[in-house]
Amino acid sequence: MSEEARKQRIEEINQMRSEGIEPYPYRFEKTHWAGQIKEDFSGLKDSETREDITVRTAGRVVAMRNHGKSTFFVLRDNTDRIQAYIRLDGVGAKKFEVFKKYVNIGDFVGVTGFPFKTHTGEISIFVKHFEILSKAIRMMPEKWHGVKDKEIIYRQRYVEMLSSDEALERFRIRSELFRLVREFLQSRDFVEVDTPMLHYLTGGASARPFKTHINVFESEMYLRIAEELFLKRFLVGGFERIFEIGKNFRNEGVSYKHHPEFTMMELYWAYADYNDIMDITEEMINYVVREITGSEIITYQGKEIDFSRPWRRVKMASFIEENLGVDILEDSNDEMIAVLKKHNAEPDIKERGHLIEKLWDLVEHNLVNPTFVTEHPVIISPLSKIHREDPRVTERFELIISSMEMANAFSELNDPIEQCDRFLHQAGLRDIGDEEAQMMDQDFIRALEYGMPPTGGLGVGWDRIIMLVTDAPSIRDIIPFPLVRPISFDEEEALSNSEE
RNA sequence: GGGCCGUUAGCUCAGCAGGCAGAGCGAUUGAUUCUUAAUCAAUAGGUUGCAGGUUCGAUCCCUGCACGGCUCACCA
């Protein structure tokens with residue numbers, strides 16, 4: 001039937017044109033948003049009209065209640081919904097017929113009229129003129145349950161958005177969050193820069209990259225897994241406070257907190273160290289959360305998360321030792337393997353760094369409130385400076401909230417000789433089959449040889465913060481168009497049903 | 001990749017110990033000039049995800065596949 005309904009709509013459109021009505025006109029001038037009208041005229045008394053005022057607004061028709069010679073319908077725009085009231089003696093018999101015949105739920109309509117409040121107290125527009133602005137030929141989802149099918153929600157996000165104010169709000173918050181982050185950083189003299197997404201070498205993180213190929217240079221390329229190494233070249237060049245917000249790509253698993261394409265922000269602050277970065281991270285995330293949710297304490301998936309400062313700080317080695325009784329700084333690999341075996345979490349590669357990462361994974365889920373985990377061993381931190389007081393660890397922290405790693409930061413290693421050694425160690429890992437180990441980047445070393453100021457750097461996975469502030473259970477819920485398994489359009493149409 | 005669950009009308013969902021496939025919304029037609037999940041009357045709408053098997057007969061039982069969700073593994 002949907003197919004039949006669609007054909008009927010197409011037939012209607014032809015009919016409209018034959019009557020000289022354009023179903024897809026070019027523009028409409030709004031004087032008010034729906035939300036504005038509600039706000040501006042909230043003071044009206046029931047049944048009060050303001051015929052002296054003319055408002056013009058437009059949106060999608062999301063509800064229609066026909067009464068014969070009058071009709072109530074609801075327009076939804078990007079601010080709110082507003083009720084409109086059209087009646088025969090308001091627009092004339094001819095136009096009223098056009099409305100009844102051609103305006104359906106789902107169409108975009110522009111109206112001109114005056115504001116009034118109904119007997120029952122709803123601010124509405126009394127329609128004097130209306131224009132059909134765009135005809136929809138597919139049927140809208142169910143009006144109060146909306147779309148629940150995850151398949152439609154992820155593959156046809158526009159359908160979720162057009163039928164769910166909550167979905168619209170979720171993505172509005174996403175945008176608002178990045179606006180707040182920029183505002184926060186710009187007010188502290190950080191400059192937004194951008195670096196390439198196509199790399200000949202991957203670095204700055206441990207992850208498997210997506211491979212691609214560039215025809216002009218007949219060379220293999222990778223989509224970036226981090227911004228880090230290019231941003232540091234900015235520091236060599238003379239920038240002192242920079243940040244970049246952009247997509248990174250990691251050719252790895254998908255889970256509620258992992259998505260192959262995600263939005264990362266990196267920030268570099270010359271003459272600062274990881275303690276300064278910890279402070280600014282705390283301040284920035286606390287600010288963003290407060291601005292968006294209005295509170296320092298939020299509920300995420302039924303759990304309370306308290307963002308009030310200062311945040312807890314724990315040393316990685318102490319935290320692991322407290323929870324698992326193994327010392328990642330002093331105990332032997334065999335001792336660590338024994339503990340991992342007990343938890344059935346032995347990694348494939350029995351190299352010390354991997355063992356430490358594995359042990360960490362076992363305890364990470366114990367952290368709900370924002371917690372800085374600090375002083376990571378040197379072996380798993382190839383881009384961090386050695387700790388000024390303990391040569392076994394680095395000046396590094398990760399921020400954990402709700403068992404998710406939200407940020408990673410360190411006093412950036414700027415000693416070119418040592419950086420070269422660290423890369424060599426990573427290269428050794430690649431040789432023993434670690435596809436995630438970093439590649440030697442000789443141009444980056446060369447850049448460091450020209451001198452980079454002491455610098456604190458930070459990476460934040462904002463997608464996950466957005467999950468928290470929107471109470472979204474999965475990262476796919478806050479990425480507007482998440483990656484989905486490809487299926488042919490025919491199959492997809494079979495799912496949403498319709499078509500040819 | 002493993003385990004569990006799911007896929008029925010455009011949407012949200014029922015259903016059947018194997019026996020002509022249902023409701024609400026939405027759509028169409030009609031009535032209705034203050035409704036708001038409007039109301040009332042009528043109509044249309046389905047290869048029950050796909051392919052096999054068992055059976056007189058399968059939406060239902062079995063197998064395989066596709067897609068999705070959760071979870072474990074993997075992974076910042």
Side-chain angles (χ1 to χ4, degrees), chain A residues 1-9 11-12 46-47 49 62-74 81 83-90 96 100-101 104-106 116-122 124 126 136-155 159-160 163 204-208 225-226 248 250-260 262 264 344-348 354 357-358 360-361 364 380 398-400 403-408 435-436 459 461 463-464 473-474 476 484-488 490-499:
Chain A
M1 167 59 182
S2 77
E3 178 51 7
E4 212 169 297
R6 185 167 166 273
K7 286 210 171 98
Q8 271 170 22
R9 291 280 181 272
E11 184 42 42
E12 254 173 48
D46 289 358
S47 308
T49 62
V62 292
M64 182 127 63
R65 295 178 284 276
N66 185 281
H67 290 266
K69 295 193 178 64
S70 74
T71 296
F72 287 93
F73 58 104
V74 178
R81 295 165 179 243
Q83 179 171 265
Y85 180 51
I86 184 170
R87 49 188 229 196
L88 194 146
D89 58 11
F96 193 71
K100 280 182 80 165
K101 196 164 163 198
N104 293 101
I105 289 178
F116 76 106
K117 210 172 213 178
T118 63
H119 298 336
T120 47
E122 173 127 6
S124 309
F126 188 98
I137 61 177
R138 292 202 183 227
M139 297 209 288
M140 299 296 121
E142 215 262 3
K143 75 177 169 192
W144 54 82
H145 297 98
V147 182
K148 294 216 170 134
D149 185 343
K150 287 268 197 272
E151 186 118 17
I152 297 173
I153 287 174
Y154 293 146
R155 286 183 193 274
V159 175
E160 189 203 17
S163 62
S206 303
R208 264 191 294 247
I225 59 172
N248 284 351
R250 298 185 181 177
N251 207 342
E252 289 169 349
V254 175
S255 77
Y256 77 96
K257 58 180 172 181
H258 294 91
H259 192 262
F262 64 101
M264 173 94 130
N344 206 16
E346 251 183 303
D348 298 335
H354 284 79
E357 299 269 15
K358 264 307 190 206
W360 171 250
D361 288 343
E364 188 183 43
I380 58 171
E398 291 182 296
L399 171 65
I400 311 295
S403 316
M404 289 189 279
E405 181 198 321
M406 296 296 180
N408 184 19
E435 288 179 69
E436 288 153 25
D463 295 299
R464 290 174 176 176
S474 166
R476 308 176 110 205
V484 282
R485 190 178 292 276
I487 58 176
S488 77
D490 283 347
E491 281 177 73
E492 199 164 337
E493 280 299 275
L495 287 171
S496 78
N497 186 3
S498 23
E499 237 63 38

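For the numbers below, each heavy atom of this structure counts, side chains included, while hydrogens, waters and symmetry mates do not. Naming: A, B, ... by sequence-line order, numbering from 1 per chain.
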* Asked: With both distances under 3.5 angstrom, what nucleotide forms a Watson-Crick or G-U wobble pair with G46(B)?
  -> none
* Asked: Are a donor atom and an acceptor atom from the side chains of Glu436(A) and Ser206(A) found within less than 3.5 Å of each other?
  -> no
* To do: Compute whether any side-chain donor of one residue and acceptor of the other, for His354(A) and Glu357(A), lie under 3.5 angstrom apart.
  =>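 The answer is no; no qualifying pair exists.
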Interatomic distance at [atom1], [N] relative to [M], whole Å:
N	M	atom1	value
G68(B)	U63(B)	P	22 Å
A44(B)	G53(B)	P	35 Å
G30(B)	C70(B)	P	46 Å
C60(B)	A17(B)	P	14 Å
C13(B)	U48(B)	C1'	14 Å
G24(B)	C67(B)	C1'	27 Å

Are any of [X]'s side-chain N or O atoms less than 4.0 Å away from OP1 or OP2 of [N]?
X	N	value
Lys358(A)	C75(B)	yes
Arg87(A)	U33(B)	no
Lys143(A)	A38(B)	yes
Asn104(A)	U28(B)	yes
Arg155(A)	G68(B)	yes
Lys7(A)	A27(B)	no

* Relative to Tyr154(A), does Arg476(A) satisfy both conditions: NZ or CZ under 6.0 angstrom from the six-membered ring centre, and within 45 degrees of the ring's axis? ->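 The answer is yes; both the distance and angle limits are met.
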Nearest listed nucleotide, side chain of [X], among [options]:
X	options	value
Lys148(A)	U28(B), G24(B), C13(B)	C13(B)
Glu436(A)	U28(B), C75(B), U35(B)	C75(B)
Tyr154(A)	C75(B), U28(B), G68(B)	G68(B)

* Asked: Are His119(A) and the base of C34(B) stacked, counting only ring centres nearer than 5.5 Å and planes tilted under 30°?
  -> yes
* Structure fact -> When Ala63(A) and Arg485(A) are each assigned the nearest nucleotide of RNA chain B, the 5'-most assignment goes to Ala63(A)
